[in-house]
Amino acid sequence: MSGYQVRRSAIKAITGYTPQAKAFDFTSTSPTDIYGSNVFSDKVMKKMLPKDVYKSLMKTKKAGEKLDPAIAEPVAAAMKEWALSKGATHYTHVFYPLTGLTAEKHDGFLTPDGKGGAMAEFDGKLLIQGEPDASSFPSGGLRATFEARGYTAWDVTNPAYILENPNGTFLCIPTAFVSWKGHALDKKTPLLRANQAINKSARRMLALFGHDNGEMVVSNAGPEQEYFLVDRNFYFARPDLMVCGRTLFGAKPAKGQELDDHYFGAIPRRVLSFMLEVEHELYKLGVPVKTRHNEVAPGQFEIAPIFEQSNLATDHNQMVMTTLKSVAKRNGMACILHEKPFAGINGSGKHLNYSLSTPSQGSLYNPGETPHENMQFLVFTAATIRAVEKYGKLLRAVVASAGNDHRLGANEAPPAIISIYLGEQLADIFDQIKKGGLKSCKQKGCLEVGVDTLPPLPMDAGDRNRTSPFAFTGNRFEFRAVGSNQSIAGAQVSLNTMMAESLDYMADEIEKITKGDASKLNEACQKVIQDIMKKHGQIVFNGDGYSDEWQKEAAKRGLPNLKTAADALPVLTDSDVVEMFTKYSVFTKEELESRCEIYHEQYNQHIQTESELVVKIAKTTILPAAIRYQGELAKVCANMKTAGLEPTTGILEDVTAKLRSLQQAANELEKLMAQNGHDTVEEEARYRTDVILPAMLEVRKYADELEMVVADDLWALPSYQEMLFIK
Ligand code: ADP
Ligand code: MG
C-alpha cells in the first residue's frame, strides 16, 4: 500500500473518530468509589481478614518486619473470595524480568475435583510461590539452561489487583523473580534489598539527630512519563516503528518543534479521550495519576502520578506504561515509549523525582525556612552530593540502553555527564561551609510576577534548570536521565545504595568527632560536610549543561563523560561498584556480572535488529520506490526527445545518483554486519556503536534525501510530517 493510501485511512480514522469508552465524571461515580476499586487494598484486607492476620501483615508492610508464613493461608482465601466476586477466572504472578517489561503467568482458578466436577482453588502455597519457566528470560549465566527453574515470590508490600479485560478478568499478584539458588533475576528483588539498606543507614543517621522513634525511612519516587502517540494506520505502515520502536528513516518535517506551539497547547480531542480513559483505568488500579499535558515535540505527551513509596511507584509505573499502550490501541493509535522515535525531534525521558522520608518528618530533603540551621537537611544533601560524585558513573550506567543513547550525550537533555544542580541559595550555603563557617542564607524572597491580582509566589529554593541531569527541586532531587522506556527500578536501587553508603560514611566520621557528645554534633557535621565539599564539590554545577564549555569544564573537573552505552555499561562491574553493592547485600558479584552481560546482550541484539531492518527497508521499500520514479522520469525524457524537445534530465540524474549512493551504503552496511566475530559482548557492543551505527546513518542519509525528491504517491513510508501532525 502506498503512503498516500495510508494517509487517507488515517485521516478517515481521525475525522470519523468517536470516543471508545463512556466518559466518566465524578457526579456519576464518586472518586472514592473509583479509586483503587480493583485493588486488594489495606481497606479491603482489614474488612476481610481475621484481625491478627491483618495486624501481622501490616507489621511486615509498614514496619518491614519478617513475613509470618502462617498468614499466607487466610490471606489467599480472602484474596480468592474477593477476586471471584470481581469476576476473575485466573490468577497470575506478575514479575519484572530484566527485559524491563512486565511478565505474567496465568493459571486458572478452576481445578477438577477428580469426580467429574470442578471447583475454584487457590491456597497459601500458590500465593507465596510460583514457578514460571525461567528459561525464556535473560539470566546472564546465573541459571544454567538445564536448571530452568525460576521462582516468583509474593511481594506482600505491594497490593494484589484485578486487571479487567473484555475477554476475562484476572487477579494479579506482584512478585519477585529469583533463580532456584536465590539469585535475583528481576528488577524488584534488588529494589527491595536496597530499600532495606537505605532504611537502616538513614535511621542510623537520624538517630544522631535524636529522631529515633522506630519509624521506617522509605525512598519515594514520582516518575514523569513522556510518550508519543501516532495514528495506528501510520504505525502499521512503518515496520521500523513497529519492530524497533523508532523510525530508522524519515526526512525532517517542514514544520518541526521550532515554533514551540505544542508545549502545554490545547490537547486534541482524540488524545484527550485517550487520556481520560487511561486515567480511568489507572484510578481503578489505585495509581495516583495527577498531571497530563502536551510535551515539547508535536505528538508528544506526559503523564505524572503523585509520588509514592519506591516499590509501589515502580510497579505503578509499569502499569502506566502497559495501560498507555493498550488504551492507545483501543483508540486507533499507537503509544511509542522509545526514547528517540523521531530523529531531530525532542525525545522522551522519565524524570524520576526522588526523596527519602519518614511518616512524621516527611521528606528529609525539605530545607525548611532557614536551611543553614537545618543541619540534618544539610547532612542528607551533602551525603547525596558525595554519593553522586563518587558513583555518578553508576547512575549513567543504569540508564544506558540503545534507545537512551540517542538522548544522553547526543543533542538533547540531559547530557551524559552527571552533575548536580543545587540552585543559587543552596549552592551558596555549601560554598560557605566549604570555605569554613556558615552564617547566613540568601533570602528566599518572593518572586514578583507583576500582576496585582496574583499572590506573590514563593520562590522555589531550587528553581528550574532543565539541563541538569540531577537537580534539587525544593524538597527532592530529580534524576532526569532515565529513559522513557526503562524501568525506574535500576536508578532507585543505585540511589538508595549509594545513599546508604554515603550516610554510613558520614555517620562514622561524625561519631569520630563527637565521641557520643551530642553538643558537638553541629560542629562535627560542619567539619564533615566541609571535607565532602572539598573532595566531591566539583559535582555541583548550576550552569548550562548543553553548552560546549561545560564539556570542557567537566573534563577539567575530572567528571566522567560516558557518551554511549558501550562506554557506560562496563561500570556495573567496576570494583568500587561491586564493593558497594555487596557491602549492602543488594547485589552479589555474580548478579552484577550477569546484569552487565544481559544489558550488553540486549544492546547488541537491539542494534542487530535495527541494522537488519535498515538494510531490508532500504532494499525492499525505498530503492523500489526510487527506481520506479527513475523509470517514470526516464520515460518522460525519452518521450520528450521523440517529440523533438530538449529532455530535462536534471531530476533523473539527481535521483540516479542518490539511488546509487543508497545502494552502495546499504551494501557496505551489510558487509560490516557480516564481519562480526567478537569474543566478548563488550567488544561486540563497541563495534556496533562505533561501526554499525554510523553505517546505518549513512544509509539513512541517502534514503532521506530521496524522500525529498521522489514523487509522493510512490513513497510507501508515512512521513514525519504525517505521523507527528495528523492526530
Ligand atoms: P515538573 O514537570 O514541574 O517537574 P510534575 O508535577 O510533572 O512536575 O512532576 C513532579 C513529580 O514529583 C510528581 O510525580 C510529584 O508527585 C513528585 N514529587 C513531589 N514531591 C516529591 C517528593 N518529596 N519526593 C518524590 N517525588 C516528589
Ligand atoms: Mg513534568
Side-chain angles (χ1 to χ4, degrees), residues 35 191 194-195 198-199 202 215-227 262-265 267 275 278-279 282-283 286-297 300-321 324 346-368 371 374 376-377 380-381 383-384 413-414 421-423 426 447 457-482 484 488-489 491-496 499 545:
Y35 191 69
L191 182 57
N195 282 348
I198 188 61
N199 172 41
E215 282 179 352
M216 285 237 284
V217 174
V218 299
S219 67
N220 306 294
E224 303 166 42
Q225 175 76 50
E226 292 180 331
Y227 60 92
H262 184 69
Y263 198 37
F264 283 106
I267 300 171
M275 286 176 165
V278 166
E279 286 158 347
L282 291 170
Y283 289 155
V287 182
V289 282
K290 182 80 181 160
T291 314
R292 63 185 189 196
H293 60 77
N294 285 359
E295 261 302 326
V296 184
Q300 191 188 29
F301 308 90
E302 180 184 297
I303 181 167
I306 296 170
F307 72 93
E308 296 175 289
Q309 167 272 104
S310 60
N311 180 28
L312 190 58
T314 305
D315 283 13
H316 279 171
N317 181 246
Q318 297 290 132
M319 293 184 203
V320 167
M321 291 196 282
L324 286 172
N346 202 60
S348 301
K350 184 139 57 189
H351 292 180
L352 174 68
N353 292 269
Y354 170 85
S355 69
L356 300 170
S357 71
T358 73
S360 64
Q361 293 192 71
S363 173
L364 301 174
Y365 287 130
N366 195 342
N374 190 343
Q376 183 187 298
F377 160 76
F380 274 83
T381 306
T384 312
Y421 170 81
L422 284 182
L426 258 190
L447 207 124
L457 301 170
M459 201 162 81
D460 228 328
D463 62 357
R464 318 233 144 205
N465 177 331
R466 285 290 169 192
T467 65
S468 176
F470 202 89
F472 180 69
T473 46
N475 63 350
R476 61 189 184 269
F477 280 94
E478 192 171 331
F479 182 39
R480 301 188 178 127
V482 185
S484 48
I488 54 170
Q492 295 174 90
V493 168
S494 300
L495 283 168
N496 285 344
M499 280 303 290

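Numbers for residues simply follow the sequence, beginning at 1. Start at 1 and go down the list; that is how both ligands and their atoms are numbered.
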Open item on the list: By the definition ring-ring contact (aromatic ring centres under 6.0 Å, His included), identify the one residue from F477, F472, F377 that meets it with Y365.
Closed with: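 Running ring-ring contact (aromatic ring centres under 6.0 Å, His included) over F477, F472, F377 with Y365 returns exactly one hit, F477.
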Side-chain contact, heavy-atom cut-off 4.5 Å: [X] with [Y]?
X: Y421; Y: R480; result: no
X: F470; Y: L495; result: yes
X: S355; Y: N220; result: yes

Task: Distance-only N or O hit between ligand 1 and E224, under 3.5 Å - done: yes
Open item on the list: Can you confirm, on distance only, whether ligand 1 has an N/O atom lying under 3.5 Å from any N/O atom belonging to N353?
Closed with: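 Among all N and O atoms of N353, at least one is under 3.5 Å from an N or O of ligand 1.
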TODO: Give the single entry among P305, S355, P223 that approaches atom 24 (N) of ligand 1 most closely by any heavy atom.
DONE: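 The option holding the nearest heavy atom is S355.
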Open item on the list: I'd like the name of whichever of E302, K290, H293 reaches closest to atom 7 (O) of ligand 1 through any heavy atom.
Closed with: E302
- [ ] With sequence neighbours excluded, give me every salt bridge (charged side-chain N to carboxylate O under 4.0 Å, His left out) pair touching residues 347-359.
- [x]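 Non-adjacent pairs meeting salt bridge (charged side-chain N to carboxylate O under 4.0 Å, His left out): zero.
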Could you tell me, atom by atom, which parts of ligand 1 come under 4.0 Å of a heavy atom of [X]?
X: E478; result: 4 (O)
X: I306; result: 16 (O)
X: N475; result: 20 (N), 23 (N)

Open item on the list: If the condition is side chain to side chain contact (heavy atoms under 4.5 Å, CB included), which residues does Y283 pass it with, not counting sequence neighbours?
Closed with: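 Applying side chain to side chain contact (heavy atoms under 4.5 Å, CB included) to Y283 gives F24, F26, I34, Y35, E279, V289.
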